[in-house]
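Below: the structure, in structure tokens.
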Amino acid sequence: MMSSLTDAISDDLAVDGRLCSIPGLPEPREKPLFNAENLTLSGEGRLFVTGSLAVYEIAGDEDGIFRQQEIPITARDVPRNCLMNGITALGNSLYLACTHIHRGEDSLLPDLMGDVRKIDQNSGVLLLMLAEAVYRVDSYLVRADLGQGSPAFTEGIRLPGKCFANGLDGDGKGNLYVTNSVVGGSPNLLAVCFPQGCGTTTLGNVWRRPLERGTPNGVKFKADPTGNYIYYTCLHGLPVWASTLQRVKIMPDGCAGEAEIVYRSLFSIFDDFDIVNNGFVIANIWSIPHRSGCLLFVTNNGELKGLFRSQDLKSPSSVQIVKQKRGLFEKGDILITEKGRHCVSWLKLGDHWRQWLVGTSAHP
């Protein structure tokens, strides 16, 4: 695969589209989704989003007006005051990765930061990283049954070691893939067995893949004719600050193979992303010189095909492509969590880009 640099972007790569608000939800200035982090669409088109304080289902009525309904954590032995991070809907199950920072506990440092979940991550991300580095950190995976009228996260398992569980995806067969973005520890990828509907809080088989360089963030599982792969974004520091989209193949023994770079960008921070037939859409939460972030459209060959940037788009943290028409959302629309505006927004693209996202052609 090829890698490309996005430190210089030409105007002919601009993606045409219109950024919209979802009808019925509070305006972004009201911060309806504080520290908007991640989102997922179920097979039935149900939309779930996370912020640092809570998980919500965003549901619409027959008039196309949407509302937010919180999904509580009720699983035994899982703290209620976790940071809500990655989320994925697989079949009739909704999975969440969440992290508890034991501020002021088992540490020589007193609790100087208050509730770290309430730190505005746009301006206070360094405080959050400091808290991760100096305090004890535990992470959990929890499950909700989407067959219930009012779902709740009733099953949970704690991940081993010092872990800041961030990105989350699965293969639909009970295996979940998690990025560990811990500061002051050993960032890695984890694979966790969490059988659907198992009714147990016992941790299944776990493997780790240490990353020699970089801190992983978003993650996606993809099966194709050449095998099963885990794709993930990764942030790199010295000698040059950069972000990459990488992949590892799941080997016959179930463990991860060698990492392969798909795409690279200097002076950027990749968060989460989505996969389509023709490539990838990456949420670039921050870049130089445009600090408000953008969406990158990258081909399967690792070439930058397009870029969406808008004065209204502020620090996008995750994207979800609408694969089939779901109520108000048309096939080829993009749903976005914006950390900068603490909201979830909706991008309607021009026909050319919509076809590229949901078409079946294999060429770049």
Side-chain angles (χ1 to χ4, degrees), residues 1-4 6 13-19 38-45 47-48 86-90 167-172 177 217-233 243-249 260-265 268 270-285 293-309 313 316-326 329-337 344-364:
M1 290 198 174
M2 301 172 61
S3 63
S4 302
T6 60
L13 293 174
V15 172
D16 60 306
R18 180 166 57 93
L19 200 63
N38 209 289
L39 78 167
T40 187
L41 278 170
S42 73
E44 291 73 35
L47 174 59
F48 304 93
I87 193 166
T88 186
L90 299 167
L168 176 67
D169 200 19
D171 59 10
Y177 301 99
N217 198 322
V219 66
K220 288 288 185 293
F221 170 85
K222 180 183 180 182
D224 67 30
T226 64
N228 296 331
Y229 293 87
I230 303 170
Y231 288 80
Y232 60 97
T233 54
S243 283
T244 56
L245 174 66
Q246 302 190 36
R247 73 173 188 175
V248 294
K249 187 174 184 178
E260 178 183 11
I261 293 178
V262 178
Y263 180 74
R264 177 189 288 113
S265 175
S268 298
F270 292 173
D271 203 317
D272 221 303
F273 62 101
D274 201 3
I275 300 177
V276 295
N277 288 332
N278 291 318
F280 313 87
V281 180
I282 303 171
N284 188 6
I285 198 168
C294 60
L295 302 184
L296 301 175
F297 293 65
V298 177
T299 70
N300 286 320
N301 290 335
E303 298 175 353
L304 182 65
K305 181 177 178 65
L307 179 146
F308 178 81
R309 182 181 286 126
L313 182 68
S317 54
S318 70
V319 294
Q320 178 82 55
I321 313 303
V322 179
K323 306 298 197 316
Q324 299 292 335
K325 178 176 171 57
R326 300 295 185 188
F329 307 123
E330 298 289 340
K331 185 177 180 180
D333 287 350
I334 302 180
L335 299 172
I336 309 165
T337 51
V344 58
S345 56
W346 166 33
L347 177 60
K348 296 182 69 66
L349 295 174
D351 290 341
H352 168 75
W353 289 102
R354 189 181 300 273
Q355 178 61 32
W356 185 81
L357 287 176
V358 297
T360 57
S361 60
H363 60 79

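Reckoned from all heavy atoms, side chains included, excluding hydrogens, waters and symmetry mates.
Each of Val319, Leu304, Leu245 was compared with Leu296 under the side-chain contact (heavy atoms from CB on, under 4.5 Å) criterion, and only Leu304 meets it.
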Could you check Ile261 against Gln246 for side chain to side chain contact (heavy atoms under 4.5 Å, CB included), going step by step and ending with a plain yes or no? CA-CA 4 Å; Ile261 293 178; Gln246 302 190 36; 4.1 Å; yes
Using ring-ring contact (aromatic ring centres under 6.0 Å, His included), reason through Tyr231 and Phe280 one step at a time and then give a plain yes or no. CA-CA 10 Å; Tyr231 288 80; Phe280 313 87; 5.3 Å; yes
One pair to check against side chain to side chain contact (heavy atoms under 4.5 Å, CB included): Asp272 and Lys220. What are the steps and the verdict? CA-CA 9 Å; Asp272 221 303; Lys220 288 288 185 293; 3.0 Å; yes
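Under the 4.5 Å side-chain criterion, counting only non-hydrogen atoms from C-beta, Asp271 is not in contact with Thr233. Phe308 has its side chain out of reach of Val281: every pair of non-hydrogen atoms, C-beta onward, lies at least 4.5 Å apart. By the 4.5 Å heavy-atom criterion applied to side chains, Leu357 and Ile334 are counted as neighbours. When side chains are defined from C-beta on, Val15 does not count as touching Leu295, because their heavy atoms never get closer than 4.5 Å.
The existence of a salt bridge linking Lys323 and Asp274 is confirmed by a sub-4.0 Å separation between a basic side-chain nitrogen and an acidic carboxylate oxygen.
For Phe297, the ring-ring contact (aromatic ring centres under 6.0 Å, His included) criterion is met by Trp353, not counting sequence neighbours. When the side-chain hydrogen bond (donor to acceptor under 3.5 Å, both in side chains) test is applied to Thr40, no partner is found at least two apart in sequence or on another chain. Partners of Glu330 by side-chain hydrogen bond (donor to acceptor under 3.5 Å, both in side chains), not counting sequence neighbours, listed by chain and number: Lys325. Not counting sequence neighbours, Ser243 has no partner by the side-chain hydrogen bond (donor to acceptor under 3.5 Å, both in side chains) test. Residues meeting the salt bridge (charged side-chain N to carboxylate O under 4.0 Å, His left out) test with Arg354, sequence neighbours left out: Asp333. Residues satisfying the side-chain hydrogen bond (donor to acceptor under 3.5 Å, both in side chains) criterion with Asp351, sequence neighbours excluded, are absent altogether.
Counting only N and O atoms by type, the side chains of Ser318 and Asn38 include no donor and acceptor under 3.5 Å apart. Side chains of Asn301 and Thr299: a donor-acceptor N/O pair is absent below 3.5 angstrom, by distance only.
Taking the six-membered ring where the residue is Trp, Phe270 and Tyr263 present parallel rings, their angle staying beneath 30° rather than reaching 60°.
When all heavy atoms are compared, the tightest approach of Leu39 to Gln320 is O-OE1, 3.8 Å. Between Gln324 and Val322, the closest heavy-atom pair is O-CG1, 3.0 Å. The two residues Ser317 and Ala283 come nearest to each other via the heavy atoms C-CB, 3.7 Å. Annotation for Pro316 and Cys294: closest pair CG-O, 3.5 Å, computed over non-hydrogen atoms. Nearest approach of Trp356 to Val276, heavy atoms of both residues: CZ3-CG2, 4.2 Å.
Side-chain atoms of Asn277 come within 3.5 Å of backbone N or O of Gly359 as a donor-acceptor pair. Checked by atom type and distance alone, the side chain of Arg326 pairs as donor or acceptor with a backbone atom of Gly43 at under 3.5 Å.
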